[in-house]
There are 4 protein chains.
Amino acid sequence: MSTSKFRGVIPPVVVPDTPDGALDVASYERSLNRMIEAGVDGLFVLGSSGEVVFSTDERREQVIRESVRIIDGRVPVLAGIIDTETERVIEQGKRAQALGVDALVATVPFYALGGPVEHEEHFRILHDELELPIFAYDIPVCVHAKLGWKLLAKLGAEGVLAGVKDSSGDDIGFRYLCQENERLGHPMSVLTGHEIVVDGAYLSGADGSVPGLANVEPEGYVRMWKAAQEGDWATVKAEQDRLNEISHIFDVTSGLTGYAGGVGAFKTALWLMGIFDSNQMPRPVKAMEGENVEAIAQVLRANGLL
Amino acid sequence: MSTSKFRGVIPPVVVPDTPDGALDVASYERSLNRMIEAGVDGLFVLGSSGEVVFSTDERREQVIRESVRIIDGRVPVLAGIIDTETERVIEQGKRAQALGVDALVATVPFYALGGPVEHEEHFRILHDELELPIFAYDIPVCVHAKLGWKLLAKLGAEGVLAGVKDSSGDDIGFRYLCQENERLGHPMSVLTGHEIVVDGAYLSGADGSVPGLANVEPEGYVRMWKAAQEGDWATVKAEQDRLNEISHIFDVTSGLTGYAGGVGAFKTALWLMGIFDSNQMPRPVKAMEGENVEAIAQVLRANGLL
Amino acid sequence: MSTSKFRGVIPPVVVPDTPDGALDVASYERSLNRMIEAGVDGLFVLGSSGEVVFSTDERREQVIRESVRIIDGRVPVLAGIIDTETERVIEQGKRAQALGVDALVATVPFYALGGPVEHEEHFRILHDELELPIFAYDIPVCVHAKLGWKLLAKLGAEGVLAGVKDSSGDDIGFRYLCQENERLGHPMSVLTGHEIVVDGAYLSGADGSVPGLANVEPEGYVRMWKAAQEGDWATVKAEQDRLNEISHIFDVTSGLTGYAGGVGAFKTALWLMGIFDSNQMPRPVKAMEGENVEAIAQVLRANGLL
Amino acid sequence: MSTSKFRGVIPPVVVPDTPDGALDVASYERSLNRMIEAGVDGLFVLGSSGEVVFSTDERREQVIRESVRIIDGRVPVLAGIIDTETERVIEQGKRAQALGVDALVATVPFYALGGPVEHEEHFRILHDELELPIFAYDIPVCVHAKLGWKLLAKLGAEGVLAGVKDSSGDDIGFRYLCQENERLGHPMSVLTGHEIVVDGAYLSGADGSVPGLANVEPEGYVRMWKAAQEGDWATVKAEQDRLNEISHIFDVTSGLTGYAGGVGAFKTALWLMGIFDSNQMPRPVKAMEGENVEAIAQVLRANGLL
């Protein structure tokens, strides 16, 4: 079992915006404190759900600075350093580590096409140029490349990677990765980003989860992790079943694509629940309105969250 | 027919690096001058072939500054302002236009998922926030979304877009776009990036081409454009046939993926031809070596370029 | 230039159904005769547009038998022998050649995953087991594999393939294939299936076209081919422009996916034009109704076909 | 919980061929008996691993006839009725049910493009035209369409579908499907085809599994199912861990694509273990040789199977 401090429930933090696109610090503080008080084990800022690619460098620095101030050492902070290619990622990494986070989360390069040779070289360079532990962020839906479990395990065993945040949707690769990581002495913390099947990932041997839905309902994920630690799989499944009912905020809306429907559902729920002051989205994405808002409200009501 | 100043042969400029990763200004000057002397009608800097996503903001500024200095008004300069989402693209655009380029080339957002609603809003915001003419860069292989010809034509007719640089590989959409653009009074300059089928694109009604291979052999593309202007289609085809023989530098190498094989072939050819001082690639991509270099040399020799 | 008898305009024949799903022989005869009288150079039956995969073996035999009877040697008949894997394709091929067609058109295997090794072996086996000339049908949208031009050219040079029917949407691969086929002495007849960009394909060196839209408007494609033979590229382009206006029958409907919108548009147009007695589609596809029919009628009217 | 007789471990049966491509009945009988004696709960013949798309109609009938004869009622028999479109699938279904199987397994149409409207209509027609219970076979890697869990659940609730065989690799959709099926009173038997993550699928609520690897090692899957029934999740995971070590027969070979490497690994293992008389593959696929065979032998030896 991992002795990493990066284990358990580590939500990817959703970011509230003011109507003119600035960071809504008061709402942000409310949301972070709520998750910490619910017992989460860490927080992942500037992830895909955290508007990282929508944020200018200045905005990214503000998000990290405010996060570090608010969290104040209560839980570890992981920061996404997402950018197109190695030199740019290094710059993001240097800025993030200067601001006091605990670990860095990087994808493989995107936009320009590459393959496993470039992926491996990329992580090796990041490891050489940066000080903090590095998590590989495996998210093919965004970067259009899948990291193979054999490469990840090798980089873990050599100390290049401290962990993996898996948002690949490939439960088979994830299963092999957990098993190989164990065989190698468990050098990495392997985290699942698939909030709907965290139960299966825990049974597979995951060291924790990075569930976006924990922004909306952190307690359930905290209880699920505790039950998994105790081997109480019936409770693990029951908690997942209940969380999945809430997750229908993703599929009751219509006319929305990608980010607008996904992160838009989180923001709209947090706004309806009084945690965010608005459901403002970053440009060029529009905030949900009308029937879509009502559809989300109904899911929240049906699950006792409104 | 378009009266745009952005027509004809507008190569996407390949960038030489020194062994320690800096911009090799002397080689760069040699290559730009060579293309201008061959008669190209414009130059597109910081395109996908121009290492835009590999370049830090500082490096991007250096590339633009040196390009503007070297080109010195002899032909129009288009600059890529490629970044993940709208606010970041605006920043790239403001920096580029402050440095004296003539037009800006922007893709749709990438990494985060969006759809036509976000694409349209994105270009409208860029048009509002930036001063220079904007070209839509349609390159699904990099951004994983295809711009529909109906949306492009609409944005052209409304003055939001000054043109399209098509690297989509969708010759049907391109054909419809040219035809619709003509029907609307030809508001846009429609350029093809598909260096292998420029002949078909010209017959389709394209206003010009953006051929990476023109870094290696600009004269052929210049002759092809002149022949197309004169309706001499037999010559257009013959020039394309000849250029395609040179283009086999893309398919005679082995063991390379994406950028390493594509832009790597350009750099290796330019190095072998004495225009670049090395075939250095940007991190994490490795430069071609050994048999791959020899395979490219053979293609160049067979076509009289060595 | 090819001396093949399989050159020029060879429409993929759309098949009319009666309301209870039988072959509507009278409508079929009307449509075939109309295309032959317009001057087409061949007919391709049981292609993707010809309901081949919707048809039982008995129905396929009926379609071929009626086609051979109606066409009666006036033009060559190519028959699709589409099935999942080699042994099944051989069976389809043996049945087709027993019924008197002139050439066979086969895709690579589909459903089960394979690669270039299996593709090459597949065509070699077909060539060994069947008597008639074999065309490779390159249609990745249906079989989810793209045939490389190097493999096709090799199989052509060895006499395994008599030609290629390209519906790949890859104009670059097509350009290389035409050029390589020429270099090898033109062993194959290379036909394009992309009805919207036949002009570019002819300039690329195609030996003919297989345009579904020629079911609706054969004369335009016949004139375009003649103009191409005479090197009159302005007329080639003008004919393509005009045909493309008619092709908007594909994009004025809504709520339809794939076959329902594509072949459905052909059938609805032919029905509105009085050539087919209905626009019946094969199960499980529904025929167009209401506003979609009206939208197609408007396109036909605007182009003088109604 | 399901009261269906189609639950538990139902291996998709791998088929042995003689060197000249005939069904090797003696080997087949050996393999089926071995699985039944190990305690499997059903057998799925003519699945994707069972060479269904490689088999002529005559061969399919032979496989079903021999299967029914050998199995002789000891466990239920499900038969794949895989073909391109509805009318052809109906024909396959009628032939199969005439031969005495217990249920039919059908994919959505493939080759021609369709969408959810066609998928729903397809299953409704199959239900109307056939007598036996129908399982939807969700296998996007082969048919290039994913069945949505909402549609599947609806068809289950209406009695159109008796179950689902999920080979989609979408553990999230599977999780939702199991949960919705439960909410609707468990009308369907929901089976996972993902042999590597059966543990997670059982925790998700699956009614059973269809693991190809059970051809090689049936006992492990039988023990895993029993442990799951008893809620002994530690044993479930441990059995899966052990089976996954054997599953490396998939990833120790090189130079093979798709079927050649996947089903080829099963056949080679069964041949090395003395159950099959050869590792012959169906045309155009080649059997494994040399180092690949040795690599598989090593995995088997390391896991005590040789």
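Please read these numbers as outputs of a predicted model, since none were measured by experiment. Chain naming here is simple, since letters A, B, ... match the order of the sequence lines and numbering starts at 1 in each.
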Go through the atoms of [X] and report whether side chain, backbone, both or neither lie under 4.5 Å from a heavy atom of chain D.
{"X": "C:Ile82", "value": "side chain"}
{"X": "C:Asp57", "value": "both"}
{"X": "C:Glu58", "value": "neither"}
{"X": "C:Glu87", "value": "both"}

Is C:Glu121 salt-bridged to D:Arg283, going by a charged N under 4.0 Å from an acidic O? no

Return all side-chain donor-acceptor pairs below 3.5 angstrom for residues 154-161 of chain D, not counting sequence neighbours, or 'none' if the list is empty.
residue, atom, partner, partner atom, Å
D:Lys154, NZ, D:Glu120, OE1, 3.4
D:Lys154, NZ, D:Glu120, OE2, 3.1
D:Glu158, OE1, D:Arg124, NH1, 2.8
D:Glu158, OE1, D:Arg124, NH2, 3.0

Could you list the residues that satisfy ring pair (Phe, Tyr, Trp, His ring centres under 6.0 Å) with C:Phe276, not counting sequence neighbours? none

When only heavy atoms count and the cut-off is under 4.5 Å, which of residues 286-296 of chain C reach chain D? C:Lys286

I need the contact set between residues 142-153 of chain C and chain D: heavy-atom distance under 4.5 Å, sorted by residue number. C:Cys142, C:Val143, C:His144

Taking all non-hydrogen atoms of both residues into account, name the closest pair between C:Glu118 and D:Val285 and its distance. CG-CG2, 4.1 Å

Determine whether a donor-acceptor pair (N or O, by modelled atom type, separation under 3.5 Å) exists between the side chain of D:His122 and the backbone of D:Val108. no

Parallel, tilted or perpendicular: which fits the ring planes of C:Phe110 and D:Phe110, with parallel below 30° and perpendicular above 60°? perpendicular

If you take the centroid of each ring, where Trp contributes its six-membered ring, are D:Phe54 and D:Tyr259 closer together than 6.0 Å? yes

